[in-house]
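Just so it is clear, the model here is predicted, and its values are computed rather than measured. Below, read A as the first sequence line, B as the second, and so on, with proteins coming before strands; counting in each chain starts at 1.
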There are 2 protein chains.
Amino acid sequence: MFEQLGLIGCGLMGGSFALALKKAGLVKRVVGYSKSPSTTDRARQLGVIDVEAPSALLAAAGADIVLLAVPVAATESTLKAIKHLVTPQMLLMDVGSTKADVVQAARRALRDQIGSFVPAHPITGREVSGVEHADVDLYTGRQVILTPTERTLTAQLHRAEDVWRALGCHVSSMSPEAHDASFAAVSHLPHMLAFAMISGITAQPNADELLALAGPGFRDFTRIAASDPKMWRDILRANRDEVLAQSRVFKQALQTLEEAMQADNDQALEDLITLASHTRAHWRMGAPRKHKDH
Amino acid sequence: MFEQLGLIGCGLMGGSFALALKKAGLVKRVVGYSKSPSTTDRARQLGVIDVEAPSALLAAAGADIVLLAVPVAATESTLKAIKHLVTPQMLLMDVGSTKADVVQAARRALRDQIGSFVPAHPITGREVSGVEHADVDLYTGRQVILTPTERTLTAQLHRAEDVWRALGCHVSSMSPEAHDASFAAVSHLPHMLAFAMISGITAQPNADELLALAGPGFRDFTRIAASDPKMWRDILRANRDEVLAQSRVFKQALQTLEEAMQADNDQALEDLITLASHTRAHWRMGAPRKHKDH
């Protein structure tokens, strides 16, 4: 049970965390700050936060749990802004989609206070953003990956695990580097491909006619292409090398499919599609990894 | 109002059509045939068809409306099998995802009877197949593209439009070639990319760990990768040249994104993502094309 959540960033991710923590009865008070005062104001009106703070520092003041839910590129400056209020008793987390850059930013910004920081990546999201889409169930049943550093305090790591589990999440840990390599494959690359797919259509003179014909397959395939541009610019930049490596793997797989088509090799084409189809048909989201959970 | 629907192929698409036609009160009797007798049997048990036919020819016998809902590669042999029962009074349609090959097959198979044939592509589907997934609402609110040939009888074209409209569909017409070029962009390419995306993951030694981490973005992006392999082998083969042309457009767009990342050109990267994001965010499925509906 926490006395006070300091919420820095009252958007979709932060707002949903505040709502879920309140609903679970895990926090008495939420003090929130957003860069845009109108967002903070709306968050209070919607009951997402109880008190508006005029700065990140004042949102962290008096808090025993602080959640950073800001664009990953703003991590370092935000941590610097609150640094001298960070204590070993405070649980400090983020929710960023990349982790190596976040950990580096935290090392630079927090220095000796880094023990309180537990980098976290909840595997959830929406193609819409903003506090008005905050959803008390955004995290329910989702995975949360924690990427503690060698200096993270065990006590705070365990508290972080407890908080996310209390919200109905499956919690596991890995290194920031392993995290970024994995999510390049299963999240960042799909986003890049969805952006490229839409770009390819808009580059064609009859783009409007093409889009008017698209159906439910296109709808689901491209849903993530509507994601927040600045957030995804930052993610693709922060995890550039891993994303480009995964793009090479993808392009090789695409070329193999194309070669089967060009050679009229029906059996090879069918075999390639069958493997993909069976793999996807048997996949279940959030199926826990065997023997790997921490 | 029709007396008898001859349903050739009692799977997801055919079964859903029969259910919808019955619910709309447009048909008195459905006589069904599937290649697999157990499918035909199940279709009758599920109330999708009223009478089992032991052959495609017997399913067409006495029917005033016939729907071919078989893999596109089976179109020619199926039409040949029923050809001598096709009359100018009969409305004969298919539901295939490619149209140029279907029209060519129909020309070869039907010859002078081709006037009764109205090639149709309802823009709907599921990643699952089989009569047990037949859904009375599969077509509701969807677009249907008709690709009549120069020999299609106007009376049958109008009846086809009326039937699909009665099922709640938005009906438009285009040439088979324009259809295939368009759907290469908005349907066939996305499927190929989804197959390649899964192939790229399965090619990696830690594929199981990667898949275990994937979340809702991956789920929606790859849903279509679970589609029926033989059906998609046939579609990619039938529409090969258009799909490969669209793949070239896509790869150019992907390369542009990669170059912005490699050059650390944040503004270019953001601009590319912003265009894609705005385009997708403002897209609505099935928004009718202005001044183009027939």
Exercise for review: Assess whether side chain to side chain contact (heavy atoms under 4.5 Å, CB included) is satisfied between B:Lys230 and A:Glu270, documenting all intermediate values.
Suggested key: CA-CA 6 Å; B:Lys230 283 187 203 300; A:Glu270 184 182 334; 2.7 Å; yes
Euclidean distance, [Y] [atom2] relative to [X] [atom1], rounded to 0.5 Å:
X	Y	atom1	atom2	value
B:Thr256	A:Phe195	OG1	CZ	15.0 Å
A:Ile123	B:Phe218	CD1	CZ	13.0 Å
B:Leu211	A:Arg280	CG	CZ	9.5 Å

Practice item. Using a strict cut-off of less than 4.0 Å between a Lys/Arg side-chain nitrogen and an Asp/Glu carboxylate oxygen, indicate whether B:Glu258 and A:Arg240 qualify as a salt bridge. Key: no
Review point. When you check the gap from the basic side-chain N to the acidic O, do A:Asp220 and B:Arg219 get nearer than 4.0 Å?
Key: no
Review point. What part of A:Arg142 gets closer than 4.5 Å to chain B, counting heavy atoms only: side chain, backbone, both or neither?
Key: side chain
Point to revise | Region of A:Gln252 in contact with chain B, defined by heavy-atom distances below 4.5 Å | key: neither
Heavy atoms only: give me the nearest [X]-[Y] pair and the separation to one decimal.
X	Y	value
A:Met197	B:Pro190	CE-CG, 3.6 Å
B:Ser247	A:Leu254	OG-CD2, 3.9 Å
A:Ser277	B:Ser227	OG-O, 2.9 Å
A:Ile145	B:Leu213	CD1-CD2, 3.5 Å
A:Met285	B:Pro216	SD-N, 3.3 Å

Just so I know, are the side chains of [X] and [Y] near enough to count as touching, which here means a heavy-atom distance under 4.5 Å?
X	Y	answer
B:Ile201	A:Val249	no
A:Leu193	B:Phe250	yes
A:Asp266	B:Asp234	no

If you count heavy-atom pairs under 4.5 Å between each of [options] and chain A, which one has the most?
options	value
B:Gly200, B:Ala214, B:Ser199	B:Ala214
B:Leu275, B:Leu272, B:Leu236, B:Asp241	B:Leu236
B:His191, B:His282, B:Gln204	B:Gln204

**Study point:** Plane angle bin for A:Phe221 and B:Phe221 - parallel if under 30°, tilted between 30 and 60°, otherwise perpendicular
**Key:** parallel
Practice item. Please check if any side-chain donor atom of A:Glu209 sits under 3.5 Å from a side-chain acceptor atom of B:Ser182, or the reverse. Key: no
Highest number of heavy-atom pairs under 4.5 Å with chain B: which of [options]?
options	value
A:Ala260, A:Ala281, A:Ala225	A:Ala225
A:Thr222, A:Asp228, A:Thr279, A:Asn206	A:Thr222
A:Arg248, A:Gln255, A:His278, A:Gln246	A:Gln246

Proximal component of [X], with respect to chain A [non-hydrogen, under 4.5 Å]:
X	value
B:Leu257	side chain
B:Val128	neither
B:Thr274	both
B:Ile224	side chain

Exercise for review: Before giving the answer on side chain to side chain contact (heavy atoms under 4.5 Å, CB included), spell out for B:Arg237 and A:Met261 the whole-Å C-alpha distance, their side-chain angles and the decisive distance to 0.1 Å.
Suggested key: CA-CA 6 Å; B:Arg237 177 175 55 182; A:Met261 288 166 70; over 6 Å; no
Point to revise | Atom NZ of B:Lys35 with >12 non-hydrogen neighbours under 6.0 angstrom | key: no
Practice item. Please confirm whether the backbone N or O of A:Ile273 pairs with a side-chain atom of B:Trp232, one donor and one acceptor, at under 3.5 Å? Key: no
